[in-house]
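Per chain, numbering begins at 1; letters A, B, ... match sequence-line order. For the numbers below, each heavy atom of this structure counts, side chains included, while hydrogens, waters and symmetry mates do not.
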2 protein chains.
Amino acid sequence: MSPRPKVGLDLATILETAGELADQYGMQEVTLANLAKKLMIRPPSLYNHFDGLPGLRKQLAIYAIERINEELANAAIGVSGTEAVIAISKAYVNFARKHPGIYEATLFAPDPEDEDVQRAGAKIVNLTIRVLKAFNLEGDYSLHAVRGFRSILHGFSSLEQRGGFKLSLDLDESLEIVMRAFLKGIAA
Amino acid sequence: MSPRPKVGLDLATILETAGELADQYGMQEVTLANLAKKLMIRPPSLYNHFDGLPGLRKQLAIYAIERINEELANAAIGVSGTEAVIAISKAYVNFARKHPGIYEATLFAPDPEDEDVQRAGAKIVNLTIRVLKAFNLEGDYSLHAVRGFRSILHGFSSLEQRGGFKLSLDLDESLEIVMRAFLKGIAA
DNA sequence: TTATTATAACTAATGATATTAGTTATAACA
DNA sequence: TGTTATAACTAATATCATTAGTTATAATAA
């Protein structure tokens, strides 16, 4: 009494394909019709794997957050203090650059308060908390700092992606200057 | 040879109505069908005022950016230096809280690189540059700082709106702490 | 080996949407 | 009073998500 008919898709494969679609054409093109076409099945068949378009967007948001988290965790290996923060920051914006659609998917969760989505996001928060521990911030101040760190990274990536930074001024330099300034101010 | 038949809508009224729709139900509910219903006309009639859904989203993005700019310019009156930056910051996040849909509309421009959209955004950039002048930052450093300032504000507002800050930790306090830290670090 | 069963695909149909083409009615002006 | 520009309209189409019900396959049980 087990499954495995015809094509034999699983959710992981579907999300990977949806991620490719997102990176190539943007999230607004991640429709059930386009996804089904790429998977060579019919749109209604997708309902066997997730709960309609909102379900896909939720799963894809979680998938995206987890991929970002992996990238950040990897960047944080073998470094500490300010250099760890800089390494994570670069990894973050580089992910958004390399995978604009997957990054965009993090913003398409139908309910960002959803428990599963929050749990995925909490991993990144925890990683950040651990890295900021080196700065010996006291009590709530450390949590305010985490909010600032996340705001800078998401704001920077989002604005960069949407053409918000028009000046011919090096983006990586901006990020590093901004992040070092923030850290200096937080630790002072 | 002038117009003015039947209802007599103009673009300003339409955008105001669309903004109300956005604030009440979110941008995904700002459809031509819903907008036409609220305006008591038929969907195709909207094509006399803008170029389809992409056109509406572009106009609404510009409208939103301009409303934010007004709010910020107002908040910057009669203050300077750090206090001006704090005042603008609070005005920014408060606008996003009071008008979540209109704020969201800034992200729905079909082409963020569009000339008209960029021109609207440039006003906010220029306002920021003027306020940061008080810090006597030299050369490009000032421009990097502007990028940081905007990243923090957009990132903070966006994350707050999407339920990214779950801890029972005062949000206004976070913003002020983060912004003061950034300014301290930038000016140091 | 054969029968059962769970399940992942399918077809068909529906409702909502944006959009286009072509029409009508109204208000300003000559 | 007649002309004209234009903002509304109706009708029709294509695309999409979604639901209901069906079919076919592959793993297990007999």
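At a threshold of 4.0 Å, the pair A:Glu160-B:Arg147 does not count as salt-bridged, since none of the basic side-chain nitrogens sits closer than that to a carboxylate oxygen.
Rounded to whole angstrom, the span from the CG atom of A:Leu46 across to the C1' atom of C:dC10 amounts to 12 Å. Here D:dA20 presents its C1' atom at 13 Å from CG of A:Asn48, a figure rounded to the nearest Å. Note: CG (A:Leu11) to P (C:dA8) measures 11 Å, nearest angstrom. The CG atom of B:Leu32 sits 20 Å away from the P atom of D:dT13 (whole-angstrom rounding). Between the P atom of D:dA17 and the CD atom of B:Gln28 lies a distance of 15 Å, rounded to the nearest Å. Separating the CG atom of B:Asp10 from the P atom of C:dA27 is a distance of 16 Å, rounded to the nearest angstrom. Protein atom CG of B:Leu53 is 12 Å distant from nucleotide atom P of C:dT20, rounded to whole Å. Spacing between atom CG of B:Asp51 and atom P of D:dA7 amounts to 15 Å, rounded to whole angstrom units.
Proximity of B:His49 to the phosphate of D:dT6: no side-chain N or O atom is located under 4.0 Å from OP1 or OP2. In terms of phosphate contacts, A:Tyr47 brings no side-chain nitrogen or oxygen within less than 4.0 Å of OP1 or OP2 of D:dT19.
For A:Tyr141, the OH atom counts as densely surrounded, since its 6.0 Å shell holds more than 12 non-hydrogen atoms of other residues, nucleotides or ligands. In the displayed structure, A:Arg42 atom CZ is contacted under 6.0 Å by at most 12 heavy atoms of other residues, nucleotides or ligands.
If you find the closest nucleotide of DNA chain D to A:Pro44 and to A:Lys37, the one lying nearer the 5' end belongs to A:Lys37.
Residue B:Ser45 is in base contact, counting any heavy-atom pair closer than 4.0 Å across all strands shown.
Remark: the backbone N or O of A:Tyr103 is paired with a side-chain donor or acceptor of A:Thr106 at under 3.5 angstrom.
Comparing atom distances between the A:Arg42 side chain and each of C:dT11, D:dA8, C:dA18 picks out C:dT11 as nearest. When distances run from any side-chain atom of A:Ile41 to the nucleotides C:dA21, D:dC16, C:dA9, the shortest one goes to C:dA9.
For A:Phe95 and A:His99, the ring centers are positioned less than 6.0 Å apart.
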